Amino acid sequence: MAWQILVRQAGRLTASFLPSNANTCKSLGSASVLPQQNLFPLTCEGALLVFTSTFSAVAPEEYVKRNYANNISEYNTVLGSLNAQRRNFLLRDVYDDMLLDGVQPIRDTFHTLIVGAMKGARLQDALYFMDEMKSTGLMPDTTIYNFIISTCGKNKNSDCAIQVLEEMKRCGVKPRGQTYIALLCACASCGRVDRAYAIVRDMTAAGLGLNKYCYAGLITAFKNREPVTEETTSKIIELVKQSKGWSSVEASSGSGDSGMIGVTEEELYNIPTAEIVHRRYINRQLTVYHTALHACADLGSKEAVEKISEMLKQDGYAPDLFCMTQVIRCYLRCRDIKGAKKIFDDYISSGKPLALEFFTVSQPNFVQFCSARFM
């Protein structure tokens, strides 16, 4: 299917370069009658004409074979397949093909397009698809705006995320709890602690409780805030302690929202486990610990990682594979190769489930780690 999309894209591209004058087209093959200075560009045009005629002047049955979709249902299936394969860069090409074929996109089409743009962190595409949606007379709903805000966060563009929220309110679309959390996490990606706390105050004033994703967002905000100080890790540890009061009842039920089908809350809020949340070795109850350990590993604070790991055990939880991976990553970042080796060996000997990520975590210090591992 991907090659068919690329062939149609190439056809559109070459068609845009072809000369509009029929006489010019007829003379492209006669280099002898052309001025010397025009030889190269017209020869290129001739090559493009040959390419176009090869791919466009085909028999009807050959066109049917090359055409990957004919109606809105088939196009929606193609878009869903591209999202599943993470080929988000082809979504706009498929959308262009859809319009060329005279197929009218529907709400589900734009939903799939914007979800794909969000997962691929393609902000320009997401905004383009939303504008196209409006031009067809379809107004974005809360879920669509949530996806756009999330995409802003993936691109570390908190200003755009706030503008999207303001537009949402102007259009009469009511924000939900997910909207505020997505905005909080978008501001957190830029280290805007002040904005993140302002959103928390707005949520509290609206009677919305803080769930684990809110605390994860605040932790990320402190991690990304510059400059990094000694207060950074202490704030992260403090937030982990405060998060123990959150209730699963307060959590927004993304899985129950029909608009969130195919999108986890971890993906919507850009949580570190977003790409692997469906793996069997991930305990989703540890979201705050995942985010805190990931943040401290990025900061290279071995003391903070050890303290958070101890808090995790005191709460009666066993660290999952993601937690152990972050601990090892922190030790390697601090050049404590022997300490990382011990944690690695202990986990291997425990018989707990393994995954490829557990082994690839040592890549930045692969030589040193292997030397210590097999001594």
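All values derive from a computational prediction rather than experimental measurement. Note that the numbering runs from 1 along the sequence shown for the chain.
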Any donor-acceptor pair under 3.5 Å linking the side-chain atoms of [Y] with those of [X]?
X: Tyr75; Y: Asp97; result: no
X: Glu230; Y: Ser234; result: no
X: Glu238; Y: Gln242; result: yes
X: Asn283; Y: His290; result: no
X: Tyr145; Y: Gln178; result: no

Please say whether more than 12 non-hydrogen atoms of neighbouring residues, nucleotides or ligands are located less than 6.0 Å from NZ in Lys134.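 Yes, the 6.0 Å shell around NZ holds more than 12 heavy atoms from other groups.
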
Going by heavy atoms in the side chains, are Arg122 and Arg92 under 4.5 Å from each other? no

Please find out if less than 6.0 Å separates the ring center of Tyr269 from that of Tyr213.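 Between Tyr269 and Tyr213, the centre distance is under 6.0 Å.
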
Can you check whether Phe129 and Tyr95 have ring centres sitting under 6.0 Å from each other?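 Ring centres of Tyr95 and Phe129 closer than 6.0 Å.
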
Can you tell whether the side chains of Glu231 and Arg225 come within less than 4.0 Å, N to carboxylate O? yes

Under-4.0 Å salt bridge between Arg192 and Asp194: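 Salt bridge between Arg192 and Asp194, a charged N being under 4.0 Å from a carboxylate O: yes.
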
Is it true that a side-chain atom of Ser150 and a backbone atom of Phe147 form a donor plus acceptor pair closer than 3.5 Å? no

